[in-house]
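Read the structure below first, then the notes.
Each ligand, and each atom within it, is numbered from 1 in the order the structure gives.
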Amino acid sequence: MRRIDLREITQAVKELSIEANTIANCDLRDALTASIEKEVSPVGKAVLGQLIKNQDIAKFTNLPICQDTGFTVVFLEVGMDISFTGGIVQDAVNQGVREGYIEGNLRKSIVKDPLTSPVNTQDNTPAIVHIELVPGDKVKITLMPKGGGSENMSRIKMMKPSDGVDGVREFILKTVKTAGGNPCPPIIVGVGVGGTFDYVAFLAKKSLLRKIGERNRDPEIAAMEEKWLLEVNKLGIGPAGLGGKVTALDLFIEVFPRHIATFPVAVNIQCNAARVKTRII
Ligand code: SF4
């Protein structure tokens with residue numbers, strides 16, 4: 001049994017919070033660069049160029065890629081041959097977020113009680129923490145600061161089983177069309193299908209951890225991802241919603257078995273500031 005002091009988790013989460021908000025991943029930068037070629041609108045091309053420039057400035061100045069530094073969502077894959085010492089895992093994660101957002105001068109966006117006391121917690125905690133037990137003696141930490149604008153345009157629908165695959169396609173296209181320029185396109189479309197009302201949203205969120213261009217392992221679902229991405233890009237929303245061909249950089253689908261009487265679908269929209277960083281301890 002390997003012992004891990006939870007201070008290591010705190011330190012990693014702190015560093016990932018700053019890194020995720022200031023350094024864009026290569027796959028995102030490459031996808032934006034490639035999309036300039038595909039875009040036909042001169043305004044759209046200019047927007048894409050500005051987004052890349054913004055990422056470069058953020059990286060070299062240590063400033064956030066976007067002023068909205070998000071709700072911090074943390075996915076932990078914890079090896080079953082690990083024993084944590086020094087407290088509770090969730091507390092260690094929150095402490096890392098707290099230290100990272102304060103030291104990194106990142107905007108604090110979380111209010112305490114949404115109904116009775118919408119007062120800022122001043123340190124961007126609590127984080128949303130998803131924990132999964134896996135074989136082995138390592139911990140994989142994946143941190144995603146999720147912007148409010150794109151989260152607001154995300155949707156869930158409990159469809160009828162008879163709505164079928166066509167119903168899923170229609171729901172995705174309708175959600176993206178309704179979102180228009182609000183979620184800061186070019187977006188990434190994360191889709192969950194199956195499970196329960198709560199789990200389908202998790203699936204959609206988890207799909208957004210994939211690198212751009214990474215297809216579902218099931219070839220049939222991978223084909224749907226490619227086909228529906230093309231359809232999304234025919235909606236004409238374009239970069240920043242100013243019209244054009246590049247509305248989305250990718251579309252990911254994650255599935256799970258469903259109840260015979262239900263057909264849950266979730267569309268979690270990610271914005272151009274798609275921030276995901278990972279570390280293995
Ligand atoms: S949706 Fe994304 S890019 Fe737009 S303001 Fe929010 S975090 Fe920034």
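- In this structure, R210 contributes its side chain and L208 its backbone to no donor-acceptor pair below 3.5 Å.
- Protein N/O/S atoms closer than 2.8 Å to atom 8 (Fe) of ligand 1: C66 SG.
- Atom 7 (S) of ligand 1 has as its closest protein heavy atom R275 NH2, 3.3 Å.
- No hydrogens or angles considered: a donor-acceptor pair under 3.5 Å links the side chains of D113 and T116.
- For residues 100-134, the pairs satisfying ring pair (Phe, Tyr, Trp, His ring centres under 6.0 Å) are F75-H130, H130-F202, with sequence neighbours left out.
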For residues 257-264, which side-chain donor-acceptor pairs fall under 3.5 Å, sequence neighbours excluded?
unit_1 : atom_1 : unit_2 : atom_2 : d
R258   : NH1    : T262   : O      : 3.1
H259   : ND1    : A261   : N      : 2.9

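- Heavy-atom neighbours of K108 NZ from other residues, nucleotides or ligands within 6.0 Å: above the threshold of 12.
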Could you pull out all donor-acceptor pairs under 3.5 Å where a side-chain atom in residues 77-92 meets a protein atom, sequence neighbours excluded?
none

